[in-house]
Protein chains: 4
Amino acid sequence: MTSSNKVDLIMKASLTLFTERGFDATTIPMIAAQADVGTGTIYRYFDSKETLVNVLYQESVQRFTEKFKTDFSKISVREGFQHLFYCLVDFTKESEYALFFLETNKDAYFLNETSHKLLDELTKMLGEYFQRGKSEGVLRNLPSNVLMAIVLGAYLKLYQLVRTGSVEITKPFLKELELCCWDAIRNH
Amino acid sequence: MTSSNKVDLIMKASLTLFTERGFDATTIPMIAAQADVGTGTIYRYFDSKETLVNVLYQESVQRFTEKFKTDFSKISVREGFQHLFYCLVDFTKESEYALFFLETNKDAYFLNETSHKLLDELTKMLGEYFQRGKSEGVLRNLPSNVLMAIVLGAYLKLYQLVRTGSVEITKPFLKELELCCWDAIRNH
Amino acid sequence: MTSSNKVDLIMKASLTLFTERGFDATTIPMIAAQADVGTGTIYRYFDSKETLVNVLYQESVQRFTEKFKTDFSKISVREGFQHLFYCLVDFTKESEYALFFLETNKDAYFLNETSHKLLDELTKMLGEYFQRGKSEGVLRNLPSNVLMAIVLGAYLKLYQLVRTGSVEITKPFLKELELCCWDAIRNH
Amino acid sequence: MTSSNKVDLIMKASLTLFTERGFDATTIPMIAAQADVGTGTIYRYFDSKETLVNVLYQESVQRFTEKFKTDFSKISVREGFQHLFYCLVDFTKESEYALFFLETNKDAYFLNETSHKLLDELTKMLGEYFQRGKSEGVLRNLPSNVLMAIVLGAYLKLYQLVRTGSVEITKPFLKELELCCWDAIRNH
DNA sequence: CATGAATGAGGGTTCATTCAT
DNA sequence: AATGAATGAACCCTCATTCAT
């Protein structure tokens, strides 16, 4: 009933396909078939395939950024990490394909300026958290982007296993995973 | 010796381009230009673009597998991990693009059965190592593929930073990274 | 009266756009926007884009034919030519784009039989006039369609200059032009 | 045997189709079929459909300009006109479709800067001729572009009749036509 | 052996036309 | 009656693949 019904179908289909096959291997006819709309319909809502992928990317980054925002001054570095980790978990729970922006290399040729800007914003927020952790001596003294890469890279690869059904998510499992990642970056 | 020269040129060019731009965004003329051969020449040595990418993938996996093979009975779990980690380091040192097979999702549509089989072989070897670690109580009690995902995911994402020049590799840096990864999966 | 209002809007918009951009470069949405109606509305009044262009063409030819009709027996060949010339002038004065049917090559692929028939009717009338002029020895002894082509071709090309603003129309200017054309075809 | 064999086929086919049906109504598959080449082949030699039409246009204008160039100081205005007229005749004799640039409105959206420049060059040459004619009092005192429009418009419309086979060209016929056009613009 | 000109299937995209509202 | 969202055929163009040289 909502006018954006078709838009949602298209975005959901695109997100899945882009994540599974990549931008270039995903064709507009594929998306149209998956979304059960005509190919022309996609162009009623998105100027081009590139626009579509950027909208998707930006929407993902923004939702994650929103979710991640919190008053870090009120929580410890340890709690901050738990917050980050369960943001990732919640985010991927909403959609198996939501971490699309993590799979996409940030210098992918199809990303536009807005996409870069939004990612930079998120990166900055994450960077500030990691910086504080290092200042307090709680986190390893490695560049923030390295700490991020370790956590996000590990989680991403892990979630690919979830998608293929090789691994099932349970509460205790998540708890242990969180510990893994935390142990990877904290000072011992 | 003479003709295999061209094969090498083609494979090196392909590896770089596939890793940098992805399989679909890389065209045969691009590879030919980069390798400084005619487009037709590529087809003299490889049946198709898909064949080429699979040969490349398999060659990568095999070289890595070969490098990884060692008599684990003679070393501790801790030493085994160091072996694994420095295999990754050595491998990427040979070519920035060598980890192509790690960047390629294992259910990528263009991988054929042989590629899957060779990857499975490597996975099995890695699995055995992780299994032993768990049996000895040294590693966390998580599925082996999860432990692998954490280590490889982290290293892979990290190496993407190296390729973009955001991070520089030094000996002490590698040592700390190795510890990160080890701390992520070992029992505390 | 009410619904024909929309028809008029659509036809006026079409005439302008078809003349300015050509049949193929003019889209139905363009016409709809220019006429300030919905795209669907155009199809309420015209079966198809081809129907529309033919109705337009026929209407133009018919209006011109009506204007051109006169009792030639009462006027001289010279006066007849002035009549023809000022028919062209009046016609273009009504709308800069009215000569659409002259700009359209008569073997344009989109013209249907009715359009051809109506043009033939006009051609016949013009032909009779030119024939008489030749019989009386006033006009050059060239095929009538040739005499027509000279006059119409010259006037048409001239009017394109008017549309681009390169030339301004004044009474004395028109008088001289008329003489040009007359001198082109009369016997000297 | 010449390497430009295919280029010639494509250009000839394009010229015909663009002239007969217009730029927009002519599709690349049509041109390919007419030229008896694959669609891809066209893109080996021409960047785009727009490039193709511009090359064609420029080639036409240049060949005509070359033909038209002469030492006007050595001939009278009357002789100059004969030169112009028989340039048109020769030009169209080489190919029925050679006057493509006359059929194309000079503000057609697909013409690029080079095309405009070349046409301006020709226009300037023609303008100088007409100017001289007016200075000497031989030609009517009308703007040069008007005099041009009359002659070129008349000839163009005339040649469309030739293409449809409605009119046959003979030497005496041409001689009379030349007189028609001359009488249209000369001072009486 | 090596090449690159030639090809056509299939990609992204547009737009004439339909139809539910 | 009027609309414009939805559609898919057909556009322009690319590129994996072939083959004559």
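Small disclaimer: the values here were computed from a predicted structure and weren't measured.
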Determine: side-chain N/O of Arg44(B) to OP1/OP2 of dC1(E), distance under 4.0 Å, yes or no. no
Is the terminal nitrogen or CZ of Arg21(D) (NZ for Lys, CZ for Arg) located under 6.0 angstrom from the six-membered ring centre of Tyr109(C) and within 45° of that ring's axis? yes
note: Arg21(D), atom CZ; dC11(F), atom C1'; distance rounded to Å ~ 14 Å
Below 4.0 angstrom from OP1 or OP2 of dG8(E), is there any side-chain N or O of Thr39(D)? no
Under 3.5 Å, is there a donor-acceptor pair linking the side chains of Thr51(D) and Asn54(D)? no
Ile42(A) vs Ala25(B), nearer the 5' end of DNA chain F by closest nucleotide: Ile42(A)
Looking at every strand, decide which applies to Ile28(A) at a 4.0 Å heavy-atom threshold: base, sugar-phosphate, or nothing. base
Output the rounded distance in Å from CG (Asn5(D)) to P (dA20(F)). 17 Å
Any donor-acceptor pair, under 3.5 Å, between the side chain of Thr27(A) and the base of dG11(E), if you only look at N and O atoms? no
Per the 3.5 Å Watson-Crick/G-U criterion and a run length of at least three, the stems involving DNA chain F are E:2-21 with F:2-21
For Ile31(A) and dG12(E), give me the distance from atom CD1 to atom C1', rounded to whole Å. 11 Å
What's the closest nucleotide to the Pro29(A) side chain, out of dA1(F), dG12(E), dC12(F)? dG12(E)
Does Arg63(A) pair with Glu59(A) as a salt bridge, N-O distance under 4.0 Å? yes
Exercise: identify the closest heavy-atom pair between Leu122(A) and Thr65(A): CB-OG1, 3.6 Å
OP1 or OP2 of dT3(F) less than 4.0 angstrom from a side-chain nitrogen or oxygen of Lys6(C), does that happen here? yes
For DNA chain F, whose closest nucleotide is more 5', that of Phe23(B) or that of Val37(A)? Val37(A)
Taken to the nearest whole Å, CG/Leu17(D) to P/dC12(F) is 12 Å
Relative to the 5' end of DNA chain E, which residue comes earlier, Thr26(C) or Ser48(A), by the nucleotide with the nearest heavy atom? Ser48(A)
Find which nucleotide of DNA chain E each of Asp24(A) and Glu50(C) is nearest to by heavy atoms, and output the residue with the more 5' nucleotide. Asp24(A)
Using the six-membered ring wherever Trp is involved, compare the ring planes of Phe101(D) and Phe64(D) and label them parallel, tilted or perpendicular (cut-offs 30° and 60°). tilted
Taking atom P of dC11(F) as reference, at what distance in whole Å does atom CG of Leu52(D) sit? 16 Å
In whole angstroms, the gap separating P of dA5(E) from CZ of Phe46(D) amounts to 15 Å
Using OP1 and OP2 only, check whether a side-chain N or O of Tyr45(B) sits under 4.0 Å from dA2(E). yes
Taking the side chain of Tyr43(B) as heavy atoms from C-beta outward, which of dA16(F), dT13(E), dG4(E) is closest to it? dA16(F)
Looking at Lys12(C) and Glu96(C), is any side-chain nitrogen of the basic one under 4.0 Å from a carboxylate oxygen of the acidic one? no
Please determine which of Ile42(D), Ile28(D), Thr27(D) meets the side-chain contact (heavy atoms from CB on, under 4.5 Å) test together with Lys49(D). Ile28(D)
Determine the interplanar angle of the Phe18(A) and Phe23(A) rings, folded into 0 to 90°, and report it as parallel if under 30°, tilted if 30 to 60°, perpendicular if over 60°. tilted
If I take atom CZ in residue Phe110(A) and atom C1' in nucleotide dG12(E), what distance separates them, rounded to the nearest angstrom? 16 Å
